[in-house]
Amino acid sequence: MENYMNTFFMVFLVTILISNPPQPTRAAGESLIPTACQNVEKKGFCNAMLESDPNSNNADLPGLGLIALKQAASNASDIAEYAKTLSNDPNLKEGAAKCLQLYLETADKINDSVASAKSKAHTDVNAGLNAAITNSKSCDAALAGHECELSGKNEVFRWLCENALGVNKAVMDGKN
């Protein structure tokens with residue numbers, strides 16, 4: 001009788017393990033940043049930007065997505081402030097005004113993307129980020145023919161948006 005009980009217990013245990021396989025876990029201190037940045041062209045930049053946030057150490061993929069979005073939103077606000085200062089330059093006044101308008105709109109779009117990410121509306125996150133990238137390119141067009149630091153800031157902003165898009169893709173792919 002004891003053998004039957006042992007056999008029954010083993011079959012029961014195996015059945016439970018097969019139907020509920022253990023989920024992969026991260027080792028203490030193991031970062032998800034490389035996974036989050038795997039879909040990004042500039043992986044080194046993505047890794048460095050996410051690592052620069054102290055909250056990234058223990059963040060899951062959705063948390064890293066929020067960090068990337070907040071970095072892009074902060075950068076958009078900084079660029080809007082910078083564009084405002086350029087409006088004093090008579091050579092850049094018109095282009096700077098257009099860039100200011102675009103980046104104020106862009107900051108709103110990215111903040112909407114943060115809300116979308118929190119509600120797991122990842123397609124909306126992509127739409128907001130792609131619109132932000134388009135606005136950044138429109139700012140470049142508004143400044144065409146004028147050398148200024150804003151063009152470089154636009155490029156970095158697009159990299160930040162691409163980071164957020166890449167992390168969002170990893171979240172959508174469910175690579176936790």
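Just so you know, residue 1 is the first one in the sequence shown, and it goes up from there. Keep in mind it's a predicted model, so treat the numbers as computed, not measured.
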To the nearest 0.5 Å, tell me how far Asn154 CG sits from Glu149 CD. 11.0 Å

side-chain contact (heavy atoms from CB on, under 4.5 Å) evaluation trace for Phe157 with Ile110: CA-CA 12 Å; Phe157 172 74; Ile110 295 179; 3.5 Å; yes

Closest approach of Lys137 to Arg158 (non-hydrogen atoms, all atoms of both residues): N-NH1, 3.8 Å

Taking C-beta and beyond as the side chain, do Asn75 and Gln71 meet within less than 4.5 Å on heavy atoms? no

Do you know the tightest heavy-atom contact between Leu66 and Lys118? CD2-CG, 3.9 Å

Rounded to the nearest 0.5 angstrom, the SG-CD distance for Cys139 and Gln101 is 11.0 Å

Tightest non-hydrogen contact, residues Asn39 and Ala170, listed as ND2-N, 3.6 Å

Is it the case that the side chain of Ser136 and the backbone of Ala132 share a donor-acceptor pair, with hydrogens and angles ignored and the cut-off at 3.5 Å? no

Under the rule for salt bridge (Lys or Arg N to Asp or Glu O under 4.0 Å), what residues qualify as partners of Glu147, not counting sequence neighbours? none

side-chain contact (heavy atoms from CB on, under 4.5 Å) between Ile133 and Leu165, worked out: CA-CA 11 Å; Ile133 290 170; Leu165 283 167; 3.8 Å; yes

Check step by step if side-chain contact (heavy atoms from CB on, under 4.5 Å) holds for Leu69 and Leu129. CA-CA 9 Å; Leu69 283 166; Leu129 287 167; 3.8 Å; yes

All heavy atoms of Ala131 vs all of Lys109, minimum pair found to be CB-CD, 3.5 Å

Shortest non-hydrogen pair, Leu32 vs Asp60, comes out as CD1-CA, 3.8 Å

Give a yes or no on whether Leu150 and Leu100 share a hydrophobic cluster (residues Ile, Leu, Val, Met, Phe, Trp, Tyr; joining criterion: side-chain heavy atoms under 4.5 Å apart). no

Side-chain donor-acceptor pairs of residues 41-53 under 3.5 Å, sequence neighbours excluded:
from: Lys43; atom 1: NZ; to: Gln38; atom 2: O; distance (Å): 3.2
from: Lys43; atom 1: NZ; to: Val40; atom 2: O; distance (Å): 3.0
from: Asn47; atom 1: ND2; to: Lys43; atom 2: O; distance (Å): 3.1
from: Ser52; atom 1: OG; to: Met49; atom 2: O; distance (Å): 2.6
from: Asp53; atom 1: OD1; to: Asn55; atom 2: N; distance (Å): 2.7
from: Asp53; atom 1: OD1; to: Asn55; atom 2: ND2; distance (Å): 3.4

Rounded distance (nearest 0.5 Å) linking atom CG of Leu64 with atom CG of Asn58: 10.5 Å

Might you work through the side-chain contact (heavy atoms from CB on, under 4.5 Å) test for Asp140 and Glu155, ending with a clear yes or no? CA-CA 9 Å; Asp140 279 339; Glu155 185 174 18; over 6 Å; no

Is the backbone N or O of Asn126 less than 3.5 Å from a side-chain atom of Asn130, with the two atoms forming a donor-acceptor pair by type? yes

Are Lys93 and Asp89 close enough for a salt bridge, meaning some N to O gap below 4.0 Å? no

The criterion is side-chain contact (heavy atoms from CB on, under 4.5 Å); which residues satisfy it with Glu94, sequence neighbours excluded? none

Side-chain donor/acceptor of Ser119 to backbone N/O of Ser116, under 3.5 Å: yes

In the structure I gave you, are the side-chain heavy atoms of Leu92 and Cys148 within less than 4.5 Å of one another anywhere? yes

Tell me whether the centres of the aromatic rings in Tyr82 and Tyr103 are closer together than 6.0 Å. no

Inter-residue atom distance Asn111.CG - Ser77.OG, 0.5 Å rounding: 6.5 Å

Given the rule that I, L, V, M, F, W and Y join up when any side-chain heavy atoms are under 4.5 Å apart, are Leu143 and Leu104 in one cluster? no

Between Thr106 (side chain) and Leu102 (backbone), is there a donor-acceptor pair under 3.5 Å? yes

Over all atoms of both residues, closest heavy-atom pair of Ala96 and Ala83: CB-O, 3.6 Å

Would you say the side chain of Ile33 lies within less than 4.5 Å of the side chain of Ser56, judging by non-hydrogen atoms? yes

Decide whether Asn135 and Glu105 meet the rule of one side-chain donor and one side-chain acceptor closer than 3.5 Å. yes

